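What follows is a short report on a single structure.
All values reported here derive from a predicted model rather than from experimental measurement. Start at 1 with the first residue, then count along the sequence.
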Amino acid sequence: MEMDGSKRVFQRLGPSSQGDNSNNKQQKVCFHWRAGRCNRFPCPFLHRELPGPPQQQQHAAGNGMSSSKRPHGFSDDNRGAGMRRNPTFNNTWGRTAAGGGAVVRKTEKVCNYWVKGNCTYGNTCRYLHSWTTGDCFTLLTTLEGHQKVVTGIALPSGSDKLYSGCTDKSVRVWDCQSGQCAGVVNFDGEVGSMLSEGPWIFVGLTNLVKAWNTQTGTDLSLNGPVGQVYALVVGNDMLLAGTEDGILAWKYNGSTNNFDPIKALTGHTHHVVSLVVGANRLYSGSMDNSIRVWNLETLECLQILTDHTSVVMSVLCWDQFLLSCSLDKTIKVWAANDSGNLEVTYTHQEDCGVLALCGMHDSEAKPVLLCSRNDNTIRVYDLPSFSERGKIFSKESVRRIEIGPAGLFFTGDESGQVRVWKWSTESSSTS
């Protein structure tokens, strides 16, 4: 498409008899096809992207990045000595190794007729008849019932039930064997977050945190929060909650069978929406665009990170790094400098806001990052190269991603759908 004043000038392809169109410098990609609404049959323009330069094509033909196996999943509760610079670590953030993984290049729009079950084009349809690209995970089931945004997913240890919380003021209990809803708990306010720790389930509500013990049936109410509880995490034997007014900490008292308030962590000037624990530190992301680093022993603020320019939606610990994402369209990787303070070592640029991060390992124990964006997709990246493995599409933006056992993970979106996924041991089709 070329611009001539206010007019669009389309250069039509000549007839096939004029030679190989692939060598025709005037060929153009259909503007309406790119927008997903071309209805011309036949169309005089290309319904495919033009090939990239030779160097790019050679890069895309790689055989996959070198293996970087780890014995277990990402640690969000690493009680080690703390984040320190590792002089022997090969920092390859954002760089694909020789023969690195190929970036997925496929039609990236789910067929609306396929979703409704009545697409007549079948395998010849130019749109996706799948909720994924990349063939590295399989959709096992979709759990229907919530009416609004899914804000929490919890799978208590030793339980055969999955719990999901939603802004429709309910928590749903799902039977892991049948996939059926086994119960609904209704509240007076919206569910802002959920957390499972051992047999305990914690539910963040407005001005309240509910605590259930799935083994003993204990039901507790933790007072103290001001406004909505957006984030929950456990560290150093404490429960910590991110609220509209800062962070609150409780500790379990076995003699009274209750949680005693310890301290309010103040400093953020807006809602605290994300929390993670690693290396004996608490990291909090806020709507004030900052991340605060807290000492879990003293509960004092050690550092304020201000490199993001919009809401810090999610924080994640991996190896000796901190990862953070924001509505400023970036994922930042932080590492400790020689003085022990965190600084940005790599920034990955996205083309829309990023809502949630989740780290896990694939079926070959390679580290991957699941990155939910506000364009209704989850991007799946190899680490540390950020090579794209594939995409997961949803009806609306995914707000929660949680890891389960045996290669399972769960997603919850703004339409109320909860989906159960599994990493594939071999390429397979997802429907």
> After noting the C-alpha distance and the side-chain angles of D188 and T206, does the key distance pass the side-chain contact (heavy atoms from CB on, under 4.5 Å) rule?
Replying inline: CA-CA 9 Å; D188 293 331; T206 304; over 6 Å; no

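- L323 and W318 get closest at one heavy-atom pair: CD1-CB, 4.2 Å.
- Ion pairing of D219 with K210 is present here, as a side-chain N (NZ or NE/NH1/NH2) and a carboxylate O approach within less than 4.0 Å.
- For the atom pair CZ of R172 and CD1 of I153, the computed distance is 14.0 Å after rounding to the nearest 0.5 Å.
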>> The test is side chain to side chain donor-acceptor pair (under 3.5 Å); show your working for W421 and T138 and say whether it passes.
In response: CA-CA 6 Å; W421 304 85; T138 302; over 6 Å; no

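- Interatomic distance, CG of L265 versus CG of L282, reported as 7.0 Å (0.5 Å rounding).
- Salt-bridge annotation for R400 and D413: absent, with no side-chain N of the basic residue lying under 4.0 Å from a carboxylate O of the acidic one.
- In terms of heavy atoms, K422 sits closest to A406 at NZ-O, 2.7 Å.
- Here the side chains of M194 and I201 are in contact, with some heavy-atom distance below 4.5 Å.
- Residues S193 and T151 have side chains not in contact (no heavy-atom distance under 4.5 Å, counting atoms from C-beta outward).
- Counting only heavy atoms from C-beta outward, the side chains of W423 and M360 approach each other to under 4.5 Å.
- Rounded to the nearest 0.5 Å, atoms CD1 (I331) and SG (C371) are 3.5 Å apart.
- In this structure, F202 has its ring center no closer than 6.0 Å to that of Y163.
- N236 places a side-chain N or O within donor-acceptor distance of the main-chain N or O of L296, the cut-off being under 3.5 Å.
- Under the 6.0 Å cut-off for aromatic ring centres, W174 and F410 do not qualify, their centroids lying 6.0 Å or more apart.
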>> Please determine whether side-chain contact (heavy atoms from CB on, under 4.5 Å) holds for the pair R419 and S394, giving the CA-CA distance in whole Å, both sets of side-chain angles, and the decisive distance to 0.1 Å.
In response: CA-CA 10 Å; R419 288 176 170 176; S394 58; 4.3 Å; yes

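- Side-chain N or O atoms of N295 include none that pairs as donor or acceptor with a backbone N or O of L299 at under 3.5 Å.
- Expressed to the nearest 0.5 Å, how far CD of E402 lies from OG of S196 amounts to 7.0 Å.
- Panel note: side chain S415, backbone K395; no donor-acceptor pair is recorded below 3.5 Å.
- No side-chain N or O of W212 forms a donor-acceptor pair with one of T218 less than 3.5 Å apart.
- Within 6.0 Å of atom NZ in K169, 12 or fewer heavy atoms from other residues, nucleotides or ligands are found, so the atom counts as exposed in its surroundings.
- Residues S424 and C136 have side chains not in contact (no heavy-atom distance under 4.5 Å, counting atoms from C-beta outward).
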> side-chain contact (heavy atoms from CB on, under 4.5 Å) between E414 and N376: does it pass, once the steps are laid out?
Replying inline: CA-CA 9 Å; E414 294 178 354; N376 302 352; 5.9 Å; no

>> Run L342 and L322 through side-chain contact (heavy atoms from CB on, under 4.5 Å) and show every step you take.
In response: CA-CA 8 Å; L342 290 178; L322 175 74; 4.0 Å; yes

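- With 3.5 Å as the limit, one finds a donor-acceptor pair spanning the side chains of S326 and D328.
- For the residue pair T330/H348, the side-chain donor-acceptor check at 3.5 Å is not satisfied.
- The environment of K148 atom NZ is sparse: at most 12 non-hydrogen atoms of other residues, nucleotides or ligands sit within 6.0 angstrom.
- Residue F137 is tested with I392, L408, I378 for a side chain to side chain contact (heavy atoms under 4.5 Å, CB included); the sole match is I392.
- Distance check: S339 OG to Q303 CD gives 8.0 Å after rounding to the nearest 0.5 Å.
- Side-chain atoms of Y252 and D260 form no donor-acceptor pair, as typed in the model, at a separation below 3.5 Å.
- Close placement of the Y346 and F386 rings is indicated, their centers lying within 6.0 Å of each other.
- A side-chain N or O of H146 and one of S164 form a donor-acceptor pair less than 3.5 Å apart.
- Remark: F321 CZ to T345 OG1 distance equals 6.0 Å, nearest 0.5 Å.
- When all heavy atoms of M313 and V354 are compared, the closest pair comes out as CG-O, 3.4 Å.
- Contact check for L370 versus F409: side-chain heavy atoms found under the 4.5 Å cut-off.
- With hydrogens and angles disregarded, no donor-acceptor distance shorter than 3.5 Å links the side chain of S170 to the backbone of N186.
- Without hydrogens or angle criteria, D168 side chain to Q147 main chain gives a donor-acceptor distance under 3.5 Å.
- For S284 and H268, the side-chain atoms include at least one donor-acceptor pair closer than 3.5 Å.
- Across all non-hydrogen atoms, the minimal contact from V312 to S274 is O-OG, 3.4 Å.
- Between R373 and E350 there is a side-chain heavy-atom pair separated by less than 4.5 Å.
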> When you look at K263 and E300, which way does the salt bridge (charged side-chain N to carboxylate O under 4.0 Å, His left out) test go after all the steps?
Replying inline: CA-CA 10 Å; K263 186 176 180 179; E300 299 297 327; 2.8 Å; yes

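- The minimum heavy-atom distance between A241 and L232, with the atom names listed, is CB-CD2, 3.6 Å.
- Defined by atom type and a distance below 3.5 Å, a donor-acceptor pair is missing between the side-chain atoms of S310 and N289.
- A donor-acceptor contact closer than 3.5 angstrom is absent between the side chains of T142 and Q417.
- D288 has no carboxylate O lying under 4.0 Å from a charged side-chain N of R292, or vice versa, which leaves the two without a salt bridge.
- A donor-acceptor pair under 3.5 Å links the side-chain atoms of N337 to the main chain of N341, judged by distance alone.
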>> Could you go through S324 and K332, starting from their C-alpha distance and side-chain angles, then the distance that decides it, and tell me whether this counts as side chain to side chain donor-acceptor pair (under 3.5 Å)?
In response: CA-CA 5 Å; S324 61; K332 292 186 181 293; over 6 Å; no

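- Annotation for I403 and G359: closest pair CD1-O, 2.8 Å, computed over non-hydrogen atoms.
- Counting heavy atoms from C-beta on, the side chains of L305 and V293 come closer than 4.5 Å.
- Side-chain contact between W334 and I291 is present, with at least one heavy-atom pair separated by less than 4.5 Å.
- Within a 6.0 Å radius of CD in Q349, other residues, nucleotides and ligands contribute more than 12 heavy atoms.
- Here R389 pairs with D382 in a salt bridge; the nearest charged N to carboxylate O distance falls below 4.0 Å.
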